[in-house]
Number of protein chains: 2
Amino acid sequence: MDTKTLCLGALSLGDASGYEIKKMFEEGTFSHFYDAGYGSIYPALNRLLTEGLVTCTEVEQENRPLKKVYSMTGTGMAKLKADLSEEPSRDKTRSESIVMMFFSHLIGSAHREEILQSYIDYYRKGVDCIENIDPTGQPFGRQFVRGLGLAVYKAAAKYLEENKDLLLSDEEERDIGDAA
Amino acid sequence: MDTKTLCLGALSLGDASGYEIKKMFEEGTFSHFYDAGYGSIYPALNRLLTEGLVTCTEVEQENRPLKKVYSMTGTGMAKLKADLSEEPSRDKTRSESIVMMFFSHLIGSAHREEILQSYIDYYRKGVDCIENIDPTGQPFGRQFVRGLGLAVYKAAAKYLEENKDLLLSDEEERDIGDAA
DNA sequence: TTGTCTATATATCGAAATGATATATATCAA
DNA sequence: TTGATATATATCATTTCGATATATAGACAA
């Protein structure tokens, strides 16, 4: 599974431009479980075009630049279903915030507080964002994923808030303090 | 922050070979918050060598191939601290399992069950793995991260187990069933 | 003996992704 | 006029990915 598959998935929800698909990854439909940027979305859409899995229509807009709207072909839908029927590979995660908390003995306490507060905010905003999605009438899988995101984000926010003292307390062997 | 920084972080915990560092990403120290493979670890180590941030000693072993053990230099430690003191970029996540659950209306019910069960097992194993790490005497940040991982993994496993009916129930508008 | 599997090790490569940036069409404020 | 914002498409040097290769061993089955 690669960005092509996710673009097909996005288009299975309705025709969209590259920019709109990026929005879905950014702070929308897919944001809490799949990450992709312009540098992979546009090449993926071009590959899908070349392979006949999507079609593309240029649309003129008022007060806005020209827009390319992509649609799935029947072959594209078949490919999406085939990809979804494979064995999933393992989850991939990279969190610089957690790395910094792991090595928090190597950084100053002001930075530590900053990272922690930003991370709490990130999860609280994520909870709000997911809660604002109305699950009514959506496919069961989509409702399930919404609930999973909520459960995880709430648990993370709760833990971060309740255990901040552990992260922020000073260790006797810390070799840099507020002087850093 | 890139794989070089994480390799420096790994070496701040003690000298190690490329293979041992990979193990830390795979099912060890970093596995639930930072992902990296051989294809990025070895080039990163070579770049660190070129830049004088690590040194490397070849060690002969009995019944085992030659091993290259890497150590941090003082410059390497300074670089690690500098990297850890920057603003963290946003978390990156990719979960094919969740993608498949999101589009579960497009796949057969046997595959749905399989994915769900594998995902529950994955989280349950993660909980066991983290619980087996003894937090005693570790830096507070490391203890904090262990607790965060536990909180999140438990919440995910709990949700998955308690809501499996939602994912596995049939929708009237499903256009493929067990025939796929 | 060969093949397969496992574990410990280092390494590589074509394809994909990254992060930053560029460009374009608009609007608005300083 | 410049800078910021929003909507849009696109690109590029660098890094990463996933699979694979190679090496040193040992164990086991055909």
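In what follows, chains carry the letters A, B, and so on, assigned in the order in which the sequence lines appear, proteins first and then strands, with residues in each chain numbered from 1.
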Among dT9(D), dT18(C), dA8(D), which nucleotide has an atom closest to any side-chain atom of Arg94(B)? dT18(C)
So, Asp83(A) and Lys79(A), do they make that salt bridge, N to O below 4.0 Å? yes
Applying a 4.0 Å non-hydrogen cut-off, can you work out what Ser40(A) is touching in the nucleic acid: base, sugar-phosphate, or nothing? base
Geometric class of the Tyr119(A)/Tyr122(A) ring pair [parallel <30°, tilted 30-60°, perpendicular >60°]: parallel
Before accepting this row, confirm whether a basic side-chain N of the pair Lys23(A)/Glu20(A) lies closer than 4.0 Å to the acidic partner's carboxylate O. no
Closest-nucleotide mapping onto DNA chain C: is Gly18(B) or Gly37(A) further toward the 5' terminus? I mean the 5' end. Gly18(B)
Please determine if Arg47(B) and Glu51(B) form a salt bridge, counting it only when a charged side-chain N lies under 4.0 Å from a carboxylate O. no
Counting side-chain heavy atoms from CB outward, which of dA9(C), dA10(D), dA11(C) is closest to Tyr42(A)? dA10(D)
Please work out if Ser89(B) contacts a base, only the sugar-phosphate, or nothing of the nucleic acid, heavy-atom cut-off 4.0 Å. nothing
Check whether any side-chain N or O of Lys4(B) sits under 4.0 Å from OP1 or OP2 of dT15(D), and answer yes or no. no
Nucleotide nearest Pro65(A) when distance is taken to its side chain, options dA24(C), dA9(C), dT16(D): dA24(C)
Selected nucleotide, minimal atom distance to Tyr19(A) side chain, candidates dA11(C), dT16(D), dA6(D): dA6(D)
Of the listed nucleotides dG19(C), dA16(C), dT10(C), the one nearest the side chain of Arg90(B): dG19(C)
Of the nucleotides dA8(D), dT11(D), dT10(C), which has the atom closest to the Pro43(A) side chain? dT11(D)
Starting from P on dA10(D), measure out to CZ on Arg47(A) and report it in whole angstrom. 14 Å
Would you say dT8(C) has OP1 or OP2 under 4.0 Å from some side-chain N or O of Ser17(B)? no
Using heavy atoms to find the nearest nucleotide of DNA chain C for Glu62(A) and Tyr38(A) separately, return the residue whose nucleotide is more 5′. Tyr38(A)
Which whole-number value in Å describes the distance from Asn46(A) CG to dA16(C) C1'? 14 Å
Nearest-neighbour nucleotide for the Lys67(A) side chain, dA16(C), dA8(D), dT10(C) considered: dA8(D)
Would you indicate what Gly39(B) reaches in the nucleic acid, counting non-hydrogen atoms under 4.0 angstrom: base, sugar-phosphate, or nothing? base
Take the protein atom NZ of Lys92(A) and the nucleotide atom C1' of dG18(D), then report the distance between them rounded to whole Å. 9 Å
Rounded distance (Å) that lies between atom P of dA6(D) and atom CD of Glu20(A): 16 Å
Asn63(A) has its side chain closest, among dA26(C), dA17(C), dT10(C), to dA26(C)
To the nearest Å, give me how far apart CG (Leu45(A)) and P (dT11(D)) are. 13 Å
Rounded to the Å, how far apart are Asp15(B) CG and dA9(C) P? 15 Å
Between Gln61(A) and dA8(D), does any side-chain N or O lie under 4.0 Å from OP1 or OP2? yes
Fit a plane to each ring of Phe30(A) and Phe25(A), take the angle between them on a 0 to 90° scale, and name the class: parallel (under 30°), tilted (30 to 60°) or perpendicular (over 60°). tilted
Could you state the atom-to-atom distance from CE of Met1(A) to P of dA16(C) in whole Å? 16 Å
When rounded to whole Å, the CD to P distance for the pair Glu60(B) and dT24(D) reads 12 Å
Check whether NZ of the Lys or CZ of the Arg Lys22(B) lies under 6.0 Å from the centre of the six-membered ring of Tyr38(B) and within 45 degrees of that ring's axis. yes
